[in-house]
Peer 1: 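Please find one structure pasted underneath; my questions will follow.
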Amino acid sequence: STGHIHPPHSTPNQSSGIEYDRTSPTPLRPPPSTMGSESGSMRQRRPSPPVDVTATGASPPARDGVLRTSGRSGLSALTLLDSSPQQHGSVMKLHTPPLYSILPEFLQRWVSSISFLSFLCPSWKHRYLILCGSFLYKFSTATSPDPKGSPFDLESVEAGIASTDFVDAASQLGSGYRALVTVSTLRKQHVYAVANAEEARVWMQSIDQAKQEAITRRMGHANHVPYPTRWKHLDALGRSLVKSKERIRGRMESSQMREMEMSSFATGGSLPQGFHG
């Protein structure tokens with residue numbers, strides 16, 4: 001009798017109806033009963049769980065018509081302002097070129113008297129400071145996507161108030177700035193101009209209080225004091241940014257040392273005192 005002729009390399013599976021290749025146990029096509037089921041279809045996926053923006057450090061959504069954009073650091077000014085910082089405000093930063101700072105006083109006066117050398121003289125630049133958690137952040141504006149430079153770790157700074165009589169460049173300030181606040185690190189003293197003496201005291205007291213709280217937390221003596229979860233996340237980003245800036249500074253200093261060594265070897269001279277390992 002004549003029967004149904006199957007393809008030369010396939011055979012039916014009578015129990016399941018699946019057609020198999022004789023040389024491989026893999027089915028040539030799935031059974032009709034599982035084509036649309038969840039277990040048999042590779043195209044059907046369960047929806048992903050919602051993403052917690054706060055946990056990932058992504059930009060918060062737009063609010064009041066303003067888009068909360070974050071740069072590479074995840075520490076945009078608007079993100080910090082949305083986190084209820086201890087203190088924030090617009091200031092003027094005193095910028096002193098490195099060359100000017102090493103000139104003798106009589107040369108500083110001479111440079112200051114020549115208009116076309118003004119780029120070598122101290123000047124004031126707009127900044128927006130935000131004190132949040134364990135760090136003091138510096139921004140160009142209140143909407144900047146990333147901080148300017150490395151944030152100040154509050155545990156390693158000293159805040160104070162300076163008299164305008166001791167800062168020559170204070171005479172260049174506009175009428176809206178009448179007092180000076182200093183933030184000193186191991187490397188440098190940073191000078192900021194604020195509106196008045198009362199604002200200067202608020203900044204100094206806020207920085208001092210935040211510093212003491214940061215030290216207390218690090219020593220484990222503040223477990224009973226609530227600390228915002230959002231600030232913990234921002235502190236972690238702040239520490240990461242500080243380490244990144246330190247690595248960049250280290251590479252630059254190493255590069256400068258190599259250039260000085262090569263220059264010294266080429267001229268047959270010796271390295272300046274203080275640069276010998």
Side-chain angles (χ1 to χ4, degrees), residues 77 80-81 84-144 147-216 238 241-242 245-246 249:
L80 292 170
L81 291 174
S84 302
Q86 294 102 311
Q87 178 69 11
H88 62 93
S90 181
V91 301
M92 297 288 287
K93 177 187 181 295
L94 177 61
H95 172 71
T96 303
L99 178 59
Y100 183 90
S101 61
I102 64 176
L103 291 177
E105 187 175 348
F106 75 94
L107 282 180
Q108 289 180 352
R109 290 196 298 267
W110 177 76
V111 168
S112 301
S113 64
I114 302 177
S115 59
F116 67 85
L117 293 179
S118 59
F119 67 95
L120 294 175
C121 299
S123 59
W124 294 93
K125 299 181 181 296
H126 286 280
R127 292 290 183 266
Y128 199 90
L129 298 183
I130 302 179
L131 176 64
C132 186
S134 302
F135 291 90
L136 176 63
Y137 301 89
K138 305 157 288 183
F139 295 91
S140 296
T141 69
T143 57
S144 297
K148 291 281 293 184
S150 178
F152 294 123
D153 185 342
L154 296 180
E155 294 190 41
S156 60
V157 303
E158 293 288 342
I161 297 177
S163 171
T164 54
D165 296 335
F166 294 97
V167 180
D168 294 336
S171 59
Q172 303 173 15
L173 283 170
S175 58
Y177 298 90
R178 301 175 181 274
L180 301 178
V181 177
T182 61
V183 179
S184 302
T185 66
L186 293 176
R187 292 175 175 267
K188 184 180 179 181
Q189 183 184 68
H190 304 260
V191 180
Y192 298 96
V194 296
N196 50 52
E198 177 61 26
E199 185 175 345
R201 283 192 294 270
V202 170
W203 269 111
M204 184 185 70
Q205 293 170 0
S206 298
I207 292 173
D208 286 344
Q209 181 179 350
K211 174 183 178 179
Q212 292 302 318
E213 292 174 352
I215 293 174
T216 303
L241 182 57
V242 169
K245 297 295 184 180
E246 288 176 348
R249 184 185 296 116

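Treat the numbers as computed from the prediction; the structure is a model and nothing was measured. Throughout, numbering of the chain's residues begins at 1 and tracks the sequence.
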Peer 1: Without placing hydrogens or testing angles, list every side-chain donor-acceptor pair under 3.5 Å for residues 152-159, not counting sequence neighbours.
Peer 2:
from	atom 1	to	atom 2	distance (Å)
Asp153	OD1	Glu155	N	3.2
Glu155	OE1	Arg218	NE	2.5
Glu155	OE1	Arg218	NH2	3.3
Glu155	OE2	Arg218	NE	3.4
Ser156	OG	Asp153	O	3.0
Glu158	OE2	Lys211	NZ	2.8

Peer 1: Between atom CG of Leu173 and atom CG of Leu180, what is the distance when rounded to the nearest 0.5 Å?
Peer 2: 6.5 Å
Peer 1: Decide yes or no for Trp110 and Leu103: does some side-chain heavy atom of the first lie under 4.5 Å from some side-chain heavy atom of the second?
Peer 2: no
Peer 1: Looking at Tyr100 and Cys121, what are the two nearest heavy atoms and their distance?
Peer 2: CD1-CA, 4.1 Å
Peer 1: Which atom names give the shortest non-hydrogen contact between His88 and Pro85, and what distance separates them?
Peer 2: CD2-CG, 3.8 Å
Peer 1: Strictly by salt bridge (charged side-chain N to carboxylate O under 4.0 Å, His left out), give each pair with a member in residues 120-133 just once, sequence neighbours left out.
Peer 2: none
Peer 1: Side-chain contact test, heavy atoms from C-beta onward, threshold under 4.5 Å: evaluate it for Leu129 versus Gln87 and give yes or no.
Peer 2: no
Peer 1: Could you report the tightest heavy-atom contact between Ala142 and Ala77, atom names first, then the distance?
Peer 2: O-CB, 3.4 Å
Peer 1: Can you give each donor-acceptor pair under 3.5 Å made by side-chain atoms of residues 130-141, sequence neighbours left out, with the distance rounded to 0.1 Å?
Peer 2:
from	atom 1	to	atom 2	distance (Å)
Ser134	OG	Arg217	NH2	2.7
Ser134	OG	Asp235	OD2	3.2
Lys138	NZ	Ser150	O	3.0
Thr141	OG1	Thr143	N	3.3
Thr141	OG1	Thr143	OG1	3.3
Thr141	OG1	Ser144	N	3.4
Thr141	OG1	Ser144	OG	3.2

Peer 1: Which atoms form the tightest heavy-atom contact between Tyr128 and Leu81, and what is the distance?
Peer 2: CE2-CD2, 4.2 Å
Peer 1: Starting at OG of Ser206, measure out to CZ of Arg201 and round the result to the nearest 0.5 Å.
Peer 2: 12.5 Å
Peer 1: CD1/Ile207 to CD/Gln212 distance, rounded to the nearest 0.5 angstrom?
Peer 2: 13.0 Å
Peer 1: Mind listing the closest non-hydrogen atom pair of Gly149 and Lys245 along with its distance?
Peer 2: O-CE, 3.7 Å
Peer 1: Got Ser101 and Thr96 here, is their nearest side-chain heavy-atom distance under 4.5 Å?
Peer 2: yes
Peer 1: Nearest 0.5 Å, please: how far is CG in Leu107 from CG in Leu120?
Peer 2: 11.5 Å
Peer 1: If I compare all heavy atoms of Ser90 with all of Tyr177, which pair ends up nearest, and what's the gap?
Peer 2: OG-OH, 4.0 Å
Peer 1: So how far is it from Gln108 CD to Ser112 OG, rounded to the nearest 0.5 Å?
Peer 2: 7.0 Å
